[in-house]
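Everything on this sheet refers to the single structure shown next.
In the text below, chain A, chain B and the rest are named by the order of the sequence lines, each starting its count at 1.
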Amino acid sequence: VDLFDPGSGSQVRDLNAGILPNRLFWTAQIPGNAFQVSPDGLVASLTLRAQPLVENFTLFGPLAIAAQVNMDLLWQATGAPVERGKGATVESTSPAAFIGHFAEARCTGTISGVETGFSFKTGALTSADFFAELGPERNGVFLGD
Amino acid sequence: VGSVHGWFVPGPEGTFTPIIGIPGLGLDVEPSTMTNFTGFTAFAILAGQAEGSDGKTYNLESDLRVMEGEYVVEDGSHHQGTFAFF
């Protein structure tokens, strides 16, 4: 979650999940009930409250303080799922080393955050200016299934 | 949790995220940041504005990914869980 000064374009906030000793990168476990998927897999929602994150202020910034965010997001498919990825036919380190059935989507919602001395609340956020998708996938040892 | 799969941004080639300007690397780019994973993933680059407690308005961009399913940890055991990339 990155905030930028609209005048200078400079990044002023960088909230992320940190990097753990086991190399887990900006990724954190969240409550299982925070993420809901419709039976047909075409709609999903994320509802997070007081999710702990790290504030680094800038990308990989040396300073780190505790922060929390709330998120209310909704993914809605805008097309039918299609097969993505190249599975085990590419190197395991390739970004295409997966098999998925993803539907392009529109994601909308709001995020708020709080840290020592600062808080923020967004208006309506959207993925419309770039890209969103959702669907089932597998990688690594599960490519043999 | 399985090792990190990498930080690649799925999206149509020739397009860029609206504020940071990260290029989309194509649609055969995995959104999950977890290896040895099978489950359901949702990905979005979100953009908009945020009001700060300092009275200022900021531009916001977020690369958000949610992964729910089965994964393999370093000792080889399988687990179920939900994770998010922030």
Side-chain angles (χ1 to χ4, degrees), chain A residues 1-6 12-13 15-17 22-32 34-35 37 41 44 46 48 53 73 75 84-86 93 95-98 100 105 107 109 111 118-127 129-142 145, chain B residues 1-8 10-12 15-20 24-25 27-54 56-62 64-70 72 74 80-86:
Chain A
V1 180
D2 301 329
L3 270 61
F4 298 83
D5 183 300
V12 294
R13 305 283 166 179
L15 288 80
N16 61 76
N22 66 359
R23 297 180 296 146
L24 190 62
F25 179 80
W26 290 354
T27 302
Q29 190 158 18
I30 62 174
F35 187 58
V37 180
L46 177 68
L48 280 176
L53 292 180
L73 302 177
W75 283 259
R84 301 290 189 201
K86 298 181 179 177
T93 54
F98 73 106
C107 182
I111 299 173
F118 182 74
S119 63
F120 69 90
K121 183 175 184 179
T122 73
L125 301 174
T126 179
S127 66
D129 294 327
F130 188 67
F131 185 68
E133 63 185 351
L134 75 171
E137 66 158 300
R138 65 186 193 277
N139 66 33
V141 299
F142 296 104
D145 294 347
Chain B
V1 177
S3 60
V4 171
H5 203 58
W7 183 32
F8 303 99
T15 66
F16 298 85
T17 65
I19 296 173
I20 301 176
L25 296 180
L27 302 186
D28 281 326
V29 171
E30 186 178 24
S32 169
T33 56
M34 298 168 62
T35 52
N36 298 322
F37 168 77
T38 181
F40 194 94
T41 299
F43 163 80
I45 296 288
L46 287 163
Q49 291 193 314
E51 299 297 325
S53 57
D54 56 4
K56 296 180 179 178
T57 300
Y58 297 93
N59 291 330
L60 180 147
E61 182 172 300
S62 181
L64 185 68
R65 313 172 189 215
V66 186
M67 297 144 281
E68 179 179 61
E70 180 180 353
V72 184
E74 290 173 328
Q80 295 279 340
T82 306
F83 293 80
F85 173 94
F86 298 95

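Note: A/F118 CZ to B/D54 CG = 5.0 Å, rounded to the nearest 0.5 Å. For the atom pair CZ of A/R138 and CD of B/E30, the computed distance is 11.0 Å after rounding to the nearest 0.5 Å. The distance from the CZ atom of A/F120 to the OG1 atom of B/T57 is 13.5 Å, given to the nearest 0.5 Å. The CG atom of A/D129 sits 10.0 Å away from atom OG1 of B/T17, with the distance rounded to the nearest 0.5 Å. To the nearest 0.5 Å, atom CZ of residue B/F86 and atom CG of residue A/L48 are 5.0 Å apart.
The candidate from B/A47, B/G24, B/G52 with the greatest count of non-hydrogen atom pairs under 4.5 Å with chain A is B/A47. With chain A as the partner, the residue from B/G48, B/P31, B/G81 showing the most heavy-atom pairs under 4.5 Å is B/P31. Between chain B and the options A/D5, A/L15, A/V37, the largest number of non-hydrogen pairs under 4.5 Å is found for A/V37. Taking B/N59, B/L60, B/I19 one by one and counting their heavy-atom pairs under 4.5 Å with chain A, the maximum is reached by B/N59. In terms of non-hydrogen atom pairs under 4.5 Å with chain B, the most contact-rich of A/G123, A/P136, A/A28 is A/A28. Between chain B and the options A/A132, A/P31, A/A124, heavy-atom pairs under 4.5 Å are most frequent for A/A132. Taking chain B as the reference chain and counting heavy-atom pairs below 4.5 Å, the highest number among A/G41, A/A34, A/A44, A/G109 is found for A/G41.
Closest heavy-atom contact between B/A42 and A/F35: CB-CZ, 3.9 Å. Contact between A/T27 and B/M67 at its shortest, heavy atoms only, is CG2-CE, 4.2 Å. Between A/L125 and B/Q49, the closest heavy-atom pair is CD2-N, 4.3 Å. Among all heavy-atom pairs drawn from B/P10 and A/F130, the shortest one is O-CE2, 3.4 Å. Of all heavy-atom pairs between A/N139 and B/S32, the closest is ND2-OG, 4.2 Å. A/L3 and B/A50 make their closest contact through CD2-CB, 4.5 Å (heavy atoms, listed as atom of the first residue, atom of the second, distance).
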Q.
Set out, in order, the CA-CA distance, both residues' side-chain angles and the distance that settles side-chain contact (heavy atoms from CB on, under 4.5 Å) for A/E137 and B/F37, then state yes or no.
A. CA-CA 8 Å; A/E137 66 158 300; B/F37 168 77; 4.1 Å; yes

**Q.** B/T41/A/F98 under side-chain contact (heavy atoms from CB on, under 4.5 Å): CA gap, chis, key distance, verdict
**A.** CA-CA 12 Å; B/T41 299; A/F98 73 106; over 6 Å; no

Q) For B/L46 and A/T122, what are the C-alpha separation, side-chain angles and deciding distance, and is it a side-chain contact (heavy atoms from CB on, under 4.5 Å)? A) CA-CA 11 Å; B/L46 287 163; A/T122 73; over 6 Å; no

Q. Could you go step by step and tell me if A/V12 and B/Y58 meet the side-chain contact (heavy atoms from CB on, under 4.5 Å) rule?
A. CA-CA 9 Å; A/V12 294; B/Y58 297 93; 3.6 Å; yes

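Judged by distance alone, the side chain of B/S53 and the main-chain N or O of A/S119 form a donor-acceptor pair under 3.5 Å.
With a 4.5 Å cut-off on non-hydrogen atoms, A/L46 touches chain B through its side chain but not through its backbone. Looking at A/L73, the atoms closer than 4.5 Å to chain B (heavy atoms on both sides) all sit in the side chain, from C-beta outward. Both the backbone and the side chain of A/V1 have a heavy atom closer than 4.5 Å to some heavy atom of chain B. Using a 4.5 Å cut-off between heavy atoms, A/L53 touches chain B through its side chain atoms alone.
Here the side chains of A/I30 and B/V66 are in contact, with some heavy-atom distance below 4.5 Å. The side-chain heavy atoms of A/F131 and B/I45, taken from C-beta on, include no pair separated by under 4.5 Å.
Classified by interplanar angle (parallel below 30°, tilted 30° to 60°, perpendicular above 60°), the ring pair A/W26/B/F85 is tilted.
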